[in-house]
Amino acid sequence: MKRKRLLTVACSLLVAVASNAQDGKICTHIEGEIADTAVQAISVRRVDQNCSYIYTDTIPFANGRFSYDIHTAEPAFYSICAFNKDWIGRAVNFFADGDTVCIKFFPDDSPVWSSPSPLNKELHRVNGMTDSIFLHYQARFAKYADYDSLSESERKEYKALSDSYHGQIKAFRLGYMRKNPGLVGLFMLFEWGERFSDDSVAVREVASIYDDVYAGKFPGFHLSEYMKLWRASQSVKVGGNYIDFTAPDLDGNDHTLSEEIEGKVALIDFWASWCGPCRRHSKSMIPVYEKYKDRGFTIVGVARERDAEAMRKAIGRDKYPWLNLIELNDRIKLWNNYGMRGGGNKFLVDRDGTILAIDPKPEKLEAILKEKLK
């Protein structure tokens, strides 16, 4: 606690950076200290990617210190992460709203950060309340530290304790999001949806709070735009409808998906040159495509890339025989629209636009095509 107070005092002595008079943008100044010799790299990103490991810039550091300026047109939510040589990182999330943020990374401990901005103070307060729930349970959890040696009854006790702890965290966070419809609550809603994206109950809870409290609020704020797309993506499911889009091929020619797949059963193949599992799955579809392409079946691929040349080389190696489009630097927000994370996914669409299957293996795909293309 002492070092937290010292860091806060040090931060308050720094001059907050005001809006840049030349370009009208907000400048948030970062002052950092590294007390951990294992840190090999420090990266920064705006937190609105649906792929939590994508960091967009690297911050140089020397003699245990770093500084960095974030320029934004509006307040935004950012993350700075310190990585070791194995690319295991510890992150600090904060609002970039024109003030100063002080960060210190410690060895084998959570980073400490502070900022005089009201938004960051509220974020700190909420995180502190979550921490207090953990501290309340910490001593009780210590009894079950050696889980492998626990008896059956002790494991039941541990599960009950764990359920109680997570229940309190959940009740607090969901209650805060619903009762405090501000930017801090919106970030928590975004974080909850990302963290529990595979939990259908949690997703429904996030959707309900968004619909009741946040829909239409904070226009222009990047997390509002993300959550709007996220909410729309909930309809992209088996029995729902695909979302149409227009994207370019590698020659710069635009293609509209609905026009490419009209009158056919189609597999929309979202992939990336850097996603090995995606590419292996796509290659496994080639025999099915060749067998059914003249019987009313087609595939349209879309690659999520930062570099078009990487996509070109991947296609050259994998020999995809179908049309491939490119989503360069998430310009069209297709991954958000389809509720995807990471490299991609595959959506099998019927002639009327209904989604028949998501991420089907070749055997399941062929079984559906045999039925649909009799």
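Of the charged side-chain nitrogens involved, at least one lies within less than 4.0 Å of a carboxylate oxygen, so that E157 and K143 count as a salt-bridged pair. Between R90 and D109 no salt bridge is recorded (no basic side-chain N to carboxylate O distance below 4.0 Å). Contact check on K346 versus D359 returns no salt bridge, with no Lys/Arg side-chain nitrogen under 4.0 Å from an Asp/Glu carboxylate oxygen. In this structure, E191 pairs ionically with R173, as a charged nitrogen and a carboxylate oxygen lie closer than 4.0 Å. Electrostatic pairing of R65 and E31 does not count as a salt bridge here, judged by no charged N lying under 4.0 Å from a carboxylate O. Taking 4.0 Å as the cut-off between side-chain N and carboxylate O, D212 and R178 count as a salt-bridged pair. Contact check on E225 versus K228 returns no salt bridge, with no Lys/Arg side-chain nitrogen under 4.0 Å from an Asp/Glu carboxylate oxygen. Note on E262 versus R351: no salt bridge recorded, every NZ/NE/NH1/NH2 to OD/OE distance being 4.0 Å or above.
With contacts defined as side-chain heavy-atom distances shorter than 4.5 Å, the pair I355/L348 does not qualify. Two residues are said to be in side-chain contact when any heavy atoms from C-beta on lie closer than 4.5 Å; I268 and L257 meet this criterion. Between V300 and L325 the shortest side-chain heavy-atom distance falls below 4.5 Å. Put simply, the side chain of D148 reaches to within 4.5 Å of the side chain of D146, judged on heavy atoms. Here the side chains of Y320 and S282 are in contact, with some heavy-atom distance below 4.5 Å. Put simply, the side chain of F134 does not reach to within 4.5 Å of the side chain of I169, judged on heavy atoms. Within the 4.5 Å cutoff, side-chain heavy atoms of F66 are placed close to those of F105.
A distance-only check finds no donor-acceptor pair linking the side chain of T298 to the backbone of A266 [under 3.5 Å]. Side chain of N180 to backbone of G185: no donor-acceptor contact under 3.5 angstrom is found. A distance-only check finds no donor-acceptor pair linking the side chain of R306 to the backbone of L328 [under 3.5 Å]. Within the 3.5 Å criterion, the main-chain N or O of E309 finds a donor-acceptor partner in the side chain of D307. Looking at E154, its side chain does come within 3.5 Å of a backbone N or O of S151 through a donor-acceptor pair. Put simply, the side chain of W335 gets close to the backbone of G343: a donor and an acceptor are under 3.5 Å apart. Within the 3.5 Å criterion, the main-chain N or O of I332 finds a donor-acceptor partner in the side chain of E327. Checking side-chain atoms of D330 against main-chain N and O of K333 turns up no donor-acceptor pair under 3.5 Å.
With hydrophobic clusters built from ILVMFWY side chains whose heavy atoms lie under 4.5 angstrom apart, L250 does not share a cluster with L323. Put simply, F77 and Y210 are part of the same group of oily side chains (I, L, V, M, F, W, Y) that touch within less than 4.5 Å, one to the next. L229 and F221 are members of different hydrophobic clusters when ILVMFWY side chains are connected at heavy-atom separations under 4.5 Å. No chain of hydrophobic side-chain contacts below 4.5 Å, direct or via other Ile, Leu, Val, Met, Phe, Trp or Tyr residues, connects L365 to V349. Side-chain heavy atoms closer than 4.5 Å link hydrophobic residues (I, L, V, M, F, W, Y) into clusters, and following such links, even through other members, never connects I368 to F347.
The two residues I80 and I59 come nearest to each other via the heavy atoms CD1-CD1, 3.9 Å. In plain terms, the two heavy atoms of Y338 and S233 that are nearest each other are C-CB, 3.9 Å. Nearest approach of W271 to D269, heavy atoms of both residues: CD1-O, 3.4 Å. The shortest non-hydrogen separation linking T100 to S115 is O-OG, 3.0 Å. In terms of heavy-atom proximity, L356 sits nearest to V238 at O-CG1, 3.8 Å. What you find for S67 and H29 is that their closest heavy atoms are CB-CE1, 4.0 Å.
Relative ring orientation between Y78 and F94 is described as parallel, the plane-to-plane angle staying below 30° on a 0-90° scale split at 30° and 60°. The aromatic rings of F83 and W87 sit tilted, their planes meeting at an angle between 30° and 60°. Aromatic ring orientation, W113 versus H124: parallel (interplanar angle below 30°, classes split at 30° and 60°).
For D352, the CG atom sits in a packed shell: over 12 heavy atoms of surrounding residues, nucleotides or ligands are nearer than 6.0 Å. Within 6.0 Å of the CG atom in D211, the count of heavy atoms belonging to other residues, nucleotides or ligands exceeds 12. Shown here is Q40, whose CD atom has more than 12 heavy atoms of other residues, nucleotides or ligands within 6.0 Å.
Shown are K372, R295, K291; of these, the salt bridge (charged side-chain N to carboxylate O under 4.0 Å, His left out) with E366 is made only by K291.
By the 6.0 Å and 45° rule, R155 stacks over the aromatic ring of Y147.
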